[in-house]
Amino acid sequence: MATFYTAEATTQNTGALTRRVAGDLASGDIRYAEFTYTFTGTEAASGDTIEIGDIPVGAVVIPELSRVANEASMGGSALAITKIGDSTDDDRYSATSISIHSSNAGVTTLTPNVGASVIPRFTVTAATKRLVATFTRTNAATAGKKVAFVIAHRI
């Protein structure tokens, strides 16, 4: 049987100090940033956005390790985070709608936008460091209820 190597393994096989794989690729430090939004109850039916917060410039968001969590009794029968991205690409990190559990607390892992942020990985720039979520609702969300965005990223 043949043996195949990733680009990083090929570089590591050379053993030369100048040919080592960047440390963040071989054993990157994964960090989690948690941002919490408290609903006002006045959010529009659709198209409004939540500015989540900033990820460090140079970081790489790992959407498949990221998630959205919400409190119980959110109020909206069809409340959803429809996409998560940035100012350049509004669905860079999640192009699949995340249903917010209206009666029960819940946690949902992001379904990554594979072509935009997974293969190849996207490196955060000064223009794309602010994450933004778009949401939609049928009924008003309950004022004071919280949703948390837990964003995994490699430094």
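All figures in this text were calculated on a predicted structure; none of them were measured in a lab.
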Common cluster, Val61/Val57, ILVMFWY with side-chain heavy-atom separation under 4.5 Å: no
Report yes or no: does [X] contribute a side-chain atom to a donor-acceptor pair with the main-chain N or O of [Y] at less than 3.5 Å?
X: Thr108; Y: Ile100; value: no
X: Thr38; Y: Lys146; value: no
X: Asn113; Y: Asp91; value: yes
X: Thr82; Y: Thr134; value: yes

What's the shortest heavy-atom distance between [X] and [Y], and which atoms?
X: Arg67; Y: Leu65; answer: NH1-O, 3.7 Å
X: Ala152; Y: Ser66; answer: N-OG, 2.9 Å
X: Pro63; Y: Pro112; answer: CG-CB, 3.5 Å
X: Ala127; Y: Thr88; answer: O-OG1, 4.4 Å

Side chains of [X] and [Y], heavy atoms from C-beta outward: is any pair under 4.5 Å?
X: Ile151; Y: Tyr93; result: no
X: Arg92; Y: Thr128; result: yes
X: Val68; Y: Ile84; result: yes
X: Phe135; Y: Ile98; result: no
X: Pro56; Y: His153; result: yes

Given Ile55 and Phe35, is the side-chain contact (heavy atoms from CB on, under 4.5 Å) satisfied, shown in steps? CA-CA 11 Å; Ile55 296 296; Phe35 305 96; 4.2 Å; yes
Run the ring pair (Phe, Tyr, Trp, His ring centres under 6.0 Å) test on Phe39 and Tyr37 for me, step by step, so that the C-alpha distance in whole Å, both residues' side-chain angles and the decisive distance to 0.1 Å come before the verdict. CA-CA 6 Å; Phe39 279 93; Tyr37 174 72; 5.0 Å; yes
If you measure from [atom1] on [X] to [atom2] on [Y], what distance do you get to the nearest 0.5 Å?
X: Lys83; Y: Thr96; atom1: NZ; atom2: OG1; value: 12.0 Å
X: Ile81; Y: Phe149; atom1: CD1; atom2: CZ; value: 4.0 Å
X: Ile52; Y: Asp86; atom1: CD1; atom2: CG; value: 10.0 Å

I would like to know whether Asp90 and Val132 meet side-chain contact (heavy atoms from CB on, under 4.5 Å); could you show each step before the answer? CA-CA 7 Å; Asp90 65 353; Val132 178; over 6 Å; no
Counting only heavy atoms not in Arg31, do more than 12 fall under 6.0 Å of its CZ? no
